[in-house]
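Structure first, commentary second.
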Amino acid sequence: MYEDDNIIVVDKPHFLPTMPRGMWYRSSALMRLRERYDDERIVPAHRLDRQTAGVLVFVRNPDVRGAYQTMFQRREPVKTYECIAPLRPAKRPKYGTVRRLDPVRPFPLVRASHIEKRRGVLQAYEIPETVNARTLIERGGPVEYEGARWASYTLHPHTGKTHQLRVHMNALGLPIAGDDWYPVVRPYDYADFSHPLQLVARSLAFTDPISGEARRFESTIPLGNDGSPLQ
């Protein structure tokens with residue numbers, strides 16, 4: 001999507017992990033970039049799940065690596081995600097809070113909870129502790145997905161816990177379409193790429209820590225049956 005002397009920005013597809021892991025080594029965004037540019041110094045500034053598509057930033061200049069990674073660690077970039085989920089009222093979650101921004105409308109709302117993720121366990125989960133994850137959730141119009149009527153949602157994470165968006169949507173009774181881990185872990189064929197998780201990191205905006213320029217990148221990866229609204 002973009003490159004200069006310091007960074008490379010890609011539109012990562014579904015099913016491609018950010019970093020090498022397990023059976024995915026060469027088939028990772030990092031190793032593909034290093035091979036393409038013949039440069040072992042390239043590293044990710046942040047990460048996206050293997051199942052999530054969208055805007056992903058890599059740093060190619062080691063001298064400025066810390067500046068970009070620290071920017072993401074401080075959660076300075078503005079991230080916007082889009083997903084497809086059931087078109088139905090949100091249910092009351094077991095833990096955490098739901099705050100409607102308009103008392104007479106179900107959306108937009110702010111979902112807040114405490115999310116934990118244990119090493120070696122696929123799912124993250126919520127517990128009744130101090131809030132460490134917040135997401136602003138907006139609902140769009142109806143969309144068609146695999147012949148059924150669903151809805152589009154725009155998600156604005158205020159924090160960056162593992163699987164935060166998937167956990168928050170699932171807790172509302174609105175699991176994201178194509179999710180093999182929430183609400184339950186389902187066995188799937190790693191060679192089957194026909195049913196991606198319907199979640200895209202749609203846009204990313206930040207002030208470049210080196211140049212001071214305003215940067216904004218937008219993914220073109222579609223959702224659902226091209227992500228178009230029902231007529």
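Since we're looking at a predicted model, the values are computed, not measured. Counting begins at 1 with the first residue of the sequence.
- Going from atom CD of E116 over to atom CD of E129 covers 7.5 Å, rounded to the nearest 0.5 Å.
- For the pair Q123 (side chain) and P183 (backbone), a donor-acceptor distance under 3.5 Å is present.
- Between F217 and Y2, the angle of the ring planes lies from 30° to 60°, which puts this pair in the tilted group.
- Side chains of I137 and L172 form a contact here, defined as non-hydrogen atoms less than 4.5 Å apart.
- Under the 4.5 Å side-chain heavy-atom criterion for Ile, Leu, Val, Met, Phe, Trp and Tyr, I176 and V55 are members of distinct hydrophobic clusters.
- The CZ atom of R215 sits 5.5 Å away from atom CG of D4, with the distance rounded to the nearest 0.5 Å.
- Cluster annotation: L204 and L48 are assigned to distinct hydrophobic clusters (Ile/Leu/Val/Met/Phe/Trp/Tyr, side-chain heavy-atom contacts under 4.5 Å, transitive).
- Cluster partners of V131 are absent, since no Ile, Leu, Val, Met, Phe, Trp or Tyr has side-chain heavy atoms less than 4.5 Å from it.
- R41 contributes no side-chain N or O that, together with a main-chain N or O of V59, makes up a donor-acceptor pair within less than 3.5 Å.
- Hydrophobic clustering places I210 together with V57 (ILVMFWY residues linked when any side-chain heavy atoms are closer than 4.5 Å, directly or through intermediates).
- L136 has its side chain within reach of L101: a pair of non-hydrogen atoms, C-beta onward, lies under 4.5 Å apart.
- Residues L30 and P20 come closest through the heavy atom pair CD2-CD, 4.0 Å.
- Here the CZ-CG distance, from R186 to D179, works out to 7.0 Å after rounding to the nearest 0.5 Å.
- Separation of atoms CZ (R47) and OG1 (T162) is listed at 10.0 Å; rounding is to 0.5 Å.
- Rounding to the nearest 0.5 Å gives a distance of 6.0 Å between CZ of R166 and CH2 of W181.
- Note: F107 and Y153 have perpendicular aromatic rings, judged against thresholds of 30 and 60 degrees for the angle between ring planes.
- For the pair H14 (side chain) and L199 (backbone), a donor-acceptor distance under 3.5 Å is present.
- Between the NZ atom in K161 and the CZ atom in R134 there is a gap of 12.5 Å [rounded to 0.5 Å].
- With contacts defined as side-chain heavy-atom distances shorter than 4.5 Å, the pair D49/H163 qualifies.
- Among residue pairs with one or both ends in residues 62-77, those qualifying as side chain to side chain donor-acceptor pair (under 3.5 Å) are Y68-D208; sequence neighbours excluded.
- A pairwise comparison of heavy atoms in M19 and P44 identifies SD-CG, 3.3 Å as the closest pair.
- Closest heavy-atom contact between A171 and R111: CB-NH2, 3.7 Å.
- With a 4.5 Å cut-off on side-chain heavy atoms, D11 and I221 count as touching.
- Formation of a donor-acceptor pair under 3.5 Å by the E40 side chain with backbone atoms of D38 is not found in this model.
- The backbone N or O of S219 lies less than 3.5 Å from a partner atom in the side chain of R202, making a donor-acceptor pair.
- Heavy-atom contacts from other residues, nucleotides or ligands closer than 6.0 Å to CZ of R216 number more than 12.
- Closest non-hydrogen pair, H168 versus S113, comes out as NE2-OG, 2.9 Å.
- You'll find the side chain of W150 stays beyond 4.5 Å of the side chain of E144, heavy atoms only.
- Judged by distance alone, the side chains of S152 and E82 never bring a donor and an acceptor atom under 3.5 Å apart.
- With a 6.0 Å radius and a threshold of 12 heavy atoms from other residues, nucleotides or ligands, D5 has its CG atom at or below the threshold.
- Of the possible donor and acceptor atoms, none in the side chain of H156 sits under 3.5 Å from a partner among the backbone N and O of T80.
- Of all heavy-atom pairs spanning A29 and L56, the tightest one is CB-CD2, 4.3 Å.
- Nearest heavy-atom pair across A177 and Y145 is CB-CE2, 3.5 Å.
- Linking Ile, Leu, Val, Met, Phe, Trp and Tyr whenever their side-chain heavy atoms come within less than 4.5 Å puts V43 and M1 in one cluster.
- A 4.5 Å side-chain heavy-atom check between T18 and F58 finds at least one atom pair inside the cut-off.
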Side-chain donor-acceptor contacts of residues 87-98 below 3.5 Å, not counting sequence neighbours, with atom names and distances?
unit_1 : atom_1 : unit_2 : atom_2 : d
R88    : NE     : G173   : O      : 3.1
R88    : NH2    : G173   : O      : 2.8

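- By the 4.5 Å heavy-atom criterion applied to side chains, H46 and K79 are counted as neighbours.
- A continuous path of Ile, Leu, Val, Met, Phe, Trp and Tyr side chains, each step under 4.5 Å between heavy atoms, connects I42 with V10, placing both in one hydrophobic cluster.
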